[in-house]
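For reference, the structure discussed in these notes is given below.
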Amino acid sequence: MTTERLDQPRDLRRTLRPHYDREAFGRLSERIARFLGTARFIVYMTVFVAVWVTWNVAAPGSLAFDPYPFIFLTLMLSLQASYAAPLILLAQNRQADRDRVQYEQDRERAERDQAEIEYLTREIAGLRMALSEVATRDYLRTELQRLLDELRERP
């Protein structure tokens, strides 16, 4: 049993699997999924299918490459759909991951805000208690006025 040494780099291994950047592929799939969900895509696909059908119906026999049941068109649309569905799912999974992270951050922020609110509430309560023990201006005025009245009443 051999153990890997952490003070030495690993030997490079050649693999037959292709290497790709997962993040770049994810961003590309999100861009494609966003495009597939637009009216522009529907217009482009409608124009493409209309031109395809028109060409293969109206063109002379030697130029028509996909006669009436349009099997090749059906095959191409199926191929497009078979690639679009996993790309859309990948984009949705990435969005769900981002939403999960955002939810966690929002929850932590709410907990911090709640702790700050509780702290400030305790501070305000402490200030109110401290102020109840301090003589206010109105209290001092009334006491001074009472003393002045007592002094004026003395002979």
Side-chain angles (χ1 to χ4, degrees), residues 1-140:
M1 178 176 172
T2 61
T3 59
E4 291 187 27
R5 292 190 51 163
L6 297 177
D7 62 340
Q8 295 178 354
R10 290 183 178 174
D11 293 332
L12 293 178
R13 296 179 188 163
R14 299 210 183 256
T15 63
L16 297 177
R17 290 187 350 212
H19 176 72
Y20 64 96
D21 182 7
R22 299 180 87 152
E23 190 62 29
F25 186 75
R27 285 192 304 269
L28 176 65
S29 68
E30 288 174 342
R31 289 180 61 199
I32 291 170
R34 267 191 225 105
F35 176 68
L36 291 176
T38 63
R40 179 183 291 177
F41 173 74
I42 293 172
V43 169
Y44 287 164
M45 283 302 291
T46 302
V47 169
F48 175 77
V49 170
V51 168
W52 184 289
V53 169
T54 303
W55 179 266
N56 286 293
V57 169
S62 63
L63 294 177
F65 54 90
D66 192 17
Y68 167 63
F70 307 116
I71 294 171
F72 189 51
L73 175 63
T74 305
L75 177 67
M76 290 188 56
L77 293 176
S78 296
L79 182 65
Q80 183 268 332
S82 70
Y83 275 98
L87 288 175
I88 291 170
L89 288 174
L90 177 62
Q92 287 176 343
N93 288 342
R94 287 171 54 86
Q95 184 61 44
D97 290 343
R98 280 194 298 274
D99 291 345
R100 194 172 14 263
V101 168
Q102 185 65 41
Y103 169 75
E104 183 65 27
Q105 290 173 347
D106 290 346
R107 189 184 62 73
E108 289 172 359
R109 190 175 305 116
E111 287 176 356
R112 281 193 309 269
D113 291 346
Q114 182 66 31
E116 287 181 24
I117 289 170
E118 289 174 1
Y119 170 76
L120 290 174
T121 303
R122 285 192 298 275
E123 287 294 312
I124 289 172
L127 288 173
R128 283 183 178 167
M129 289 172 57
L131 281 177
S132 68
E133 298 170 2
V134 173
T136 63
R137 182 176 30 188
D138 292 336
Y139 175 76
L140 289 175

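Computed from a predicted model, the values in this text were never measured in an experiment.
Applying the ring pair (Phe, Tyr, Trp, His ring centres under 6.0 Å) test to Tyr83 and every residue at least two apart in sequence or in another chain returns nothing. Partners of Arg107 by salt bridge (Lys or Arg N to Asp or Glu O under 4.0 Å), not counting sequence neighbours, listed by chain and number: Glu104, Glu111. Evaluation of the ring pair (Phe, Tyr, Trp, His ring centres under 6.0 Å) rule for Tyr44 yields no partner, not counting sequence neighbours.
In the displayed structure, Phe35 atom CZ is contacted under 6.0 Å by more than 12 heavy atoms of other residues, nucleotides or ligands. Within a 6.0 Å sphere centred on OH of Tyr139, heavy atoms belonging to other residues, nucleotides or ligands number 12 at most.
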Taking only distance into account, with no hydrogens and no angle test, what donor-acceptor pairs under 3.5 Å do side-chain atoms of residues 72-80 form with protein atoms, sequence neighbours excluded?
| residue | atom | partner | partner atom | Å |
| --- | --- | --- | --- | --- |
| Thr74 | OG1 | Phe70 | O | 2.9 |
| Ser78 | OG | Thr74 | O | 2.9 |

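Distance check: Ile88 CD1 to Asn93 CG gives 12.0 Å after rounding to the nearest 0.5 Å. Note that CZ of Phe48 and CE of Met45 are 6.5 Å apart. Values are rounded to the nearest 0.5 Å. Note that the CZ atom of Arg27 and the CD1 atom of Ile32 stand 13.0 Å from one another [nearest 0.5 Å]. Of the inter-residue distances, the one linking Arg112 atom CZ with Glu108 atom CD reads 6.5 Å to the nearest 0.5 angstrom.
The two residues Ala84 and Leu36 have their closest heavy-atom pair at CB-CD1, 3.4 Å. Smallest separation of non-hydrogen atoms from Leu87 and Ser29: CD2-CB, 3.6 Å.
Sorted by first and then second residue, the salt bridge (charged side-chain N to carboxylate O under 4.0 Å, His left out) pairs with a member in residues 85-101 read Glu23-Arg94, Glu30-Arg94, Glu30-Arg98, Asp97-Arg100; sequence neighbours excluded. Within the structure, the side-chain hydrogen bond (donor to acceptor under 3.5 Å, both in side chains) test picks out the following pairs touching residues 54-66 (sequence neighbours left out): Trp52-Asp66.
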